[in-house]
Each structure stands twice: as structure tokens, then as C-alpha cells.
Amino acid sequence: MSDFGLIINGERVVTANSFDVINPATEELVAKCPAADEDHVNQAVAAAKAAFEHWSQVSDDERKAACHKVADLLEQNAAELAGIVTEEQGKPLGGFAGMGSQFELGGAIAWCRTTAELQLPVKVAQDDDQMRVELHRKPLGVVGSITPWNWPLMIAIWHVMPAIRSGNTVVIKPSPYTPLSTLRFVELANQVLPPGVLNIVTGTDEIGPVLTGHPDVNKIVFTGSTATGKKIMQSASGNLKRLTLELGGNDAGIVLADANVEEIAPAIFGSSFINAGQTCAALKRLYVHDSLYDQVCDALLGIANSVTVGNGLEEGIDFGPVQNQPQLKKVVELAEDAKANGARFLCGGEQPEGAGYFYPITLVADIKDGSRLVDEEPFGPILPIIRYSDIEEVFALANDNPAGLGGSIWSSDVAKAAELANRMECGTVWINNHAAIQPNVPFGGVKQSGFGVEFAEEGLEEYTSIQAVFIPKG
Ligand code: NAD
């Protein structure tokens, strides 16, 4: 068991109180985590505010080099960090299709490097005999980052790296379920960043509002549930903080009548059950044309029957547990509701006995919109498969949901599927794929999946304001 402390102004801070971080596969203690109080949050914000004076003025090259040094440290400590992610989050080290915690580390490093290379050059809005007008990008100040428990380290990197790359300073508050990998990451990053540029406070949900309501915080970047996103929006209004909100999704995938079932089934399975379904942009509602319905169900069942669920530290495990008990309760509730309403369970659907928050890979057929499992995001290893016969009807159903994060169309006619993409009300549409995000492509939701984007130049811009400079000539 390692020992963890808050990092404020480059210093490790020991707190009087702590809370337990539990391994969801065993329900055993992973480590005691420092519990910050309101004073710690205030100290962290003050440190970030003081550090902003210097960090916002250092050269672009210096900030870029610092981001690459952070990536170097992630690479050097990847094995330790992946181990912590597995212990606190539950995902296997390797996992199904190699999408476990080692993949999370690989993603974290890739995002770090790509973000380091991003530029926000000065744009020229006008340049004539009378006037040159330049558009400069300026950092905002102190950024408060609040992260969830599903991809704890990768999402921390998504928040922190563009913030510091563009000259802001940060106070990060990870989920109390999975704070340890972020604590270790911040400790490592502080070996190469000036004191105060990156600070961390860990604690229960109660310290979140202290950060989101703080008058010296200029922006909040939040990834988590829509319910919490709404609360953050209210508490951030005091000083009109900028917001990026990446909230829940309930992504639809539509299998058209001309799809090649054998080819698409592995990708549908992988993108539905990635991280045991605990991924914001996982495929969560699968609509299948009547003519292929039984074939798709059989193909997915064949894959489901071949995978293993267990403790992610053991060899050969494809999927880990649900990360925490409240989330497991929600998955069970939605499954039981589907059962009570006559849905057909192709596999899974029974919670196993013994330690750990395990739930089997579960495929649910003969279910319709209007059932809770379809309408609500389960955020767990359960997929409803809905039959449709009319293309107009299926787009109406896919869009009839408050969430709008991602969506997908599966077809042998890629050009036709691409044409249909704009019928989907969501931030990203994939053809014959789902949930595949990249550091060079902006990602974000519409409707109640939030607003603002992350990644790429567009994501970096969200950590800056525009300053227009009018330079007269002659
Ligand atoms: P959550 O909203 O319960 O918690 C997320 C974070 O917010 C945690 O750090 C928590 O401590 C903090 N928090 C809780 N109450 C707060 C408050 N009042 N003020 C400030 N902070 C507060 O979400 P979760 O259960 O950790 O994550 C699961 C949800 O996140 C799912 O709905 C999922 O779809 C969504 N999610 C979205 C994305 C995305 O990119 N869109 C990515 C991952 C997860």
C-alpha cells in the first residue's frame, strides 16, 4: 500500500482526516486517501492564483517542453500507474481487446504528447492600409478540474494538459472512488512543473462545490453526471466562470439492413462493453433492423459467452467489476425493471455471490423504448437490443433522448451511412465503429450531454479568451 498526500504549491500536505479507497474487485482497502477540507481548497486556489502570474508569462516553448516532460514521467512510471488504476478502478491491466489500464496509460501519454504539440497562433482579422487587427489567445487564470471514476487518469490528463499548455494553472479534484492514480500523477508532474501550477485536493463530494463556487477560480472543466453538471453550472455563476461540461451519454447505434453481421459484431461488442460499459461514449442502445435482428443477437451472444469477468490483477481477465456499489445498484435496478416488463435476457442478468461489485456481461433482447434500460444510461455491462423495421422510426427513437454524446451507423454502404450521419443529434457519429476518440479530433456533447469540446485546437481554445488588438497604420 502506498502513501498519498495532497499537493499544494509543490508541497506534499498531510491532512488530519482520511477516507478509504476500496478495490471494487475484492472490497478490500487499497489505501487511505487524504481528506481535504475547505481550507485546503482555499490554499490550493491561492497557490494556483499566485503561480498564474509567472506561468501565464513563460514562453510557449517552455510550456510545450514542460508538457513533454510530464509525458516522459508518465512513460517512466506507466507500470506503477496502471497498477494503481486497476486496483482502485477495477479494469483489468490488459483486458478485452487490450482496453484495460495499460491502454489508459497509453492514452494518457498520447494525449499528453499531442496536447504538448498544439499551438494557438495569433490570427489576423484585418490587415490593410489603415489597420492591422490581431487576435491573441490569453489563458483564463485558475482552472478547477473535477473528474469521475471511470477513466480516472486519462480524464485527469484531458483536463490538466490543455489547461497548463495554454498558460493556466490548475486545482484538480478527482472522484473520491478513484483518487489515487491522480494523486500520483500530480506528484510526478510537480517534479517538472513550477510550484502552484498543478495542485490537487482529494475528498468527498462535499469539497466539489467549494472549488466550483470559489471566486478566484476562472473556469471549471467537469466530466461526470448530468445531475452534477447542473449543480456546477449554478454554483459557477457567482463570478461567471467559463465551463466545459462533459456529461452522461446514452449513445444509440443503428444497424442498417445491409450490414455485414460477422464483420461488425466484434466492434459492436467491444464498444458497448468497453470498461464494463462504464464509458461516457460507449454504445448503450443498439437498434437492429428486423431482417438481421436474430443474427446480431446470436453473434453478440457468441462473443459474450467467450469472455471472462473477474479481478483485473489476475491474468486472462477481459472485464472487471462495476466500480462502486451505487452504480451496481443502478445496473441491477434497470435489469430487474427490464425483466419485470418481459424483456428476454440472452445472457447474464444475475448478480453473482461473493466479494466484489461484479455484474456479468448482459445482453437484453425484445425490449423497447419507454423501458428504463433503454431510456436511462445504465453505465454498466448491460446492453439493450431493440428491433426496428422503419428507418424514419429508428432515427426518431435514437434522437428521442435527453443525451446527445455519440452515435453510430453500421452498414456495408459506408457512403450511404455517412450521409445519414447528420440525422443523429449528437456530438460525434461513427460509421461501423463507436467510442473511438482521438486527441486530434474535438469531442463533446449536445443537449444534456453538456457543452464545450475537449481535444485538438478547438479544445485548447476553451482554456483561453480572445484578445483583439487594433494596431493603427500610417
Ligand atoms: P458524478 O457526477 O457523481 O461525480 C463526478 C465528480 O463530481 C466526482 O469527482 C464528484 O466528487 C464530483 N461532485 C459530485 N457532486 C459535486 C458537486 N455538487 N459539485 C462539484 N463536484 C461534485 O459522476 P460519476 O458517478 O463520477 O461519473 C459517472 C457519470 O459521468 C456518468 O453519467 C457518465 O456518463 C459521466 N461521464 C461522462 C463523460 C463524458 O466525457 N461526457 C466521461 C465520463 C463519465
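All figures in this text were calculated on a predicted structure; none of them were measured in a lab. Atoms within each ligand, like the ligands themselves, are counted from 1 in listed order.
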Donor-acceptor under 3.5 Å (S181 side chain, I84 main chain): no

Would you say [X] has any N or O atom under 3.5 Å from an N or O of ligand 1, going by distance alone?
X: L247; result: yes
X: S225; result: yes
X: K173; result: yes
X: I155; result: no

Atom 9 (O) of ligand 1 protein-contacted (non-hydrogen atom, under 4.0 angstrom): yes

Looking only at non-hydrogen atoms, which of [options] approaches [atom] most closely?
atom: atom 44 (C) of ligand 1; options: N150, T279, V210, L245; result: N150
atom: atom 27 (O) of ligand 1; options: S449, P148, G248; result: P148
atom: atom 31 (C) of ligand 1; options: K330, E377, Q327; result: E377

Check for me whether G249 has a heavy atom closer than 4.0 Å to any atom of ligand 1. yes

Would the W149 and F379 ring centres measure less than 6.0 Å apart? yes

Protein contact of [atom] - nearest heavy atom, named by residue and atom, plus distance:
atom: atom 38 (C) of ligand 1; result: C280 CB, 2.8 Å
atom: atom 13 (N) of ligand 1; result: T228 CG2, 3.7 Å
atom: atom 24 (P) of ligand 1; result: W149 NE1, 3.3 Å

E206, CD atom: more than 12 neighbouring heavy atoms under 6.0 Å: no

Would you be so kind as to tabulate the donor-acceptor pairs closer than 3.5 Å made by side chains of residues 170-178, with sequence neighbours excluded?
| unit_1 | atom_1 | unit_2 | atom_2 | d |
| --- | --- | --- | --- | --- |
| S175 | OG | Y177 | N | 3.1 |

Hey, which atoms in ligand 1 end up nearer than 4.0 Å to a heavy atom of T147? 6 (C), 8 (C), 9 (O)

